[in-house]
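Counting begins at 1 with the first residue of the sequence. Ligands are counted one by one from 1 in listed order, and the atoms in each one are counted from 1 as well.
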Amino acid sequence: MRKNIVAGNWKMNKNLQEGIAFVEELQVALSNVDKINCDVVVGTPFIHLANVSAAINTGLIGVAAQNCADKESGAYTGEVSAAMVASTGAKYVILGHSERRQYYGETDAKLKEKTLLALANGLTPIFCIGEVLEEREAGKQNEVVKAQIENALFNLSAEEFSKIVLAYEPVWAIGTGKTATPEQAQEMHAYIRKTLAEKYGKEVADNTSILYGGSANAANAKELFSNPDVDGGLIGGASLKVETFLPIVQAF
Ligand code: PGA
């Protein structure tokens with residue numbers, strides 16, 4: 001069966017010391033929780049990965065990079081490869097976040113390469129998809145999301161695809177305080193699962209974790225996660241403090 005996952009995305013926040021202090025605090029807080037019913041992941045800037053991984057000694061937290069290069073290695077100044085990410089102890093990589101698509105020109109074609117390299121290096125991609133406001137207003141959200149999945153991921157075999165985690169993040173809900181309603185989230189997640197079933201069969205579709213992202217917080221997480229096709233969250237703003245992140249973990 002698919003896993004429930006609550007993943008934090010720190011974006012470009014926290015210096016190294018703050019990052020380490022956060023995971024140390026989160027670790028203690030998680031050890032005091034009776035039963036944790038989801039995998040917990042923190043998505044840190046590259047520079048934090050090795051130290052944050054080293055600071056986690058309980059196995060209670062997985063570490064994610066927020067990006068990786070679309071090339072294997074070589075003369076690509078400023079880039080960080082999937083192999084480098086894996087060598088830090090990180091197990092996940094967030095790919096295709098809308099901020100990377102919007103501000104750093106990430107295309108489906110680049111994301112296809114990044115995904116292949118992440119998989120080849122044993123990383124679990126948390127692959128983000130989602131429509132912008134104008135697309136939703138035009139009723140085009142399903143076709144936009146389907147095209148993002150098709151263009152970047154449908155070259156994968158069923159076995160490869162079974163290692164992917166998806167995160168549906170309507171761009172109009174990210175950092176805006178405007179969450180998708182539980183009905184909107186469920187409707188899209190069910191559509192995504194149907195799209196996966198058509199391509200890879202019901203078993204792969206049923207086993208794929210599909211997270212929701214976009215202004216998820218302690219107040220709305222329970223209702224969002226109670227939907228049958230919502231398997232957790234990718235959390236930005238509310239993942240920056242243990243007091244706001246832990247209740248989201250506990251929403252499962
Ligand atoms: P938000 O960000 O929770 O601050 O809306 C989510 C994300 O961008 O992953």
Side-chain angles (χ1 to χ4, degrees), residues 4-14 18-19 22 26 38-46 48-49 52 61-68 90-106 111 114-115 118 123-133 135-136 141 144-145 148-149 152 164-182 184-185 188-189 192 209-225 227 230-252:
N4 292 326
I5 303 170
V6 172
N9 174 12
W10 296 355
K11 309 191 179 185
M12 198 171 72
N13 291 294
K14 296 189 188 296
E18 289 164 345
F22 175 92
L26 179 62
C38 62
D39 287 2
V40 180
V41 176
V42 292
T44 83
F46 288 131
H48 301 50
L49 291 174
V52 161
I61 308 170
V63 179
Q66 298 171 15
N67 180 26
C68 71
K91 297 279 183 263
Y92 300 83
V93 57
I94 299 168
L95 290 178
H97 192 280
S98 64
E99 288 150 17
R100 300 232 36 104
R101 292 178 190 259
Q102 188 182 347
Y103 306 134
Y104 299 97
E106 298 218 349
L111 291 168
K114 292 183 182 209
T115 302
L123 296 169
T124 299
I126 300 175
F127 194 93
C128 304
I129 50 192
E131 80 285 356
V132 300
L133 186 61
E135 290 162 341
R136 175 153 290 259
Q141 64 272 20
V144 168
V145 166
Q148 288 172 334
I149 298 173
I164 304 280
V165 171
L166 291 177
Y168 169 58
E169 299 205 303
V171 181
W172 46 270
I174 296 178
T176 57
K178 220 179 180 190
T179 322
T181 63
Q184 284 171 322
M188 177 57 86
H189 284 225
I192 292 168
S209 298
I210 309 176
L211 317 184
Y212 168 81
S215 299
N217 57 39
N220 57 32
K222 227 186 180 86
E223 211 185 342
L224 285 163
F225 297 171
N227 287 295
V230 178
D231 309 311
L234 182 56
I235 317 297
S239 76
L240 294 173
K241 286 192 190 143
V242 172
E243 72 215 53
T244 52
F245 189 54
L246 186 66
I248 304 177
V249 171
Q250 290 178 293
F252 273 117

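Using a 4.0 Å cut-off to heavy atoms of Lys11, the atoms of ligand 1 that qualify are 2 (O), 7 (C), 8 (O). In summary, the atoms of ligand 1 found under 4.0 Å from a heavy atom of Gly175, numbered by their order in the structure, are 1 (P), 4 (O), 5 (O). Taking every heavy atom of His97 and a limit of under 4.0 angstrom, the matching atoms of ligand 1 come to 7 (C), 8 (O), 9 (O). Atoms of ligand 1 found under 4.0 Å from any heavy atom of Asn9 (numbered from 1 in listed order, with element): 9 (O).
Side chain of Asp231 to backbone of Ile210: a donor-acceptor contact under 3.5 angstrom is found. Distance alone, capped at 3.5 Å, places no donor-acceptor pair between the Lys11 side chain and the Gly236 backbone.
Contacts between Ile174 and ligand 1 below 4.0 angstrom, taking non-hydrogen atoms only, involve backbone and side chain alike.
The shortest separation from a heavy atom of Gly213 to ligand 1 is not under 4.0 Å, leaving the residue out of contact. Residue Ala173 places a heavy atom less than 4.0 Å from ligand 1. Using a non-hydrogen distance threshold of 4.0 Å, Ala238 does not register as a contact of ligand 1.
Between Gly214 and ligand 1, no pair of N/O atoms sits closer than 3.5 Å. Some N or O of Gly237 is nearer than 3.5 Å to an N or O of ligand 1, by distance alone. Between Glu169 and ligand 1, a contact under 3.5 Å exists for at least one N or O pair.
The closest side-chain heavy-atom distance from Ile94 to Cys128 is below 4.5 Å. In this structure, the side chains of Glu106 and Asn67 come closer than 4.5 Å at one or more pairs of heavy atoms. Leu211 places none of its side-chain heavy atoms less than 4.5 Å from the side chain of Phe225.
Distance check: Ser239 OG to Asn13 CG gives 8.0 Å after rounding to the nearest 0.5 Å.
What sits closest to atom 3 (O) of ligand 1 on the protein, heavy atoms only, is Gly236 N, 2.9 Å.
The number of heavy-atom neighbours closer than 6.0 Å to CD of Glu223, taken from other residues, nucleotides and ligands shown, is 12 or below.
A side-chain donor from one of Tyr168 and Glu131 sits under 3.5 Å from a side-chain acceptor of the other.
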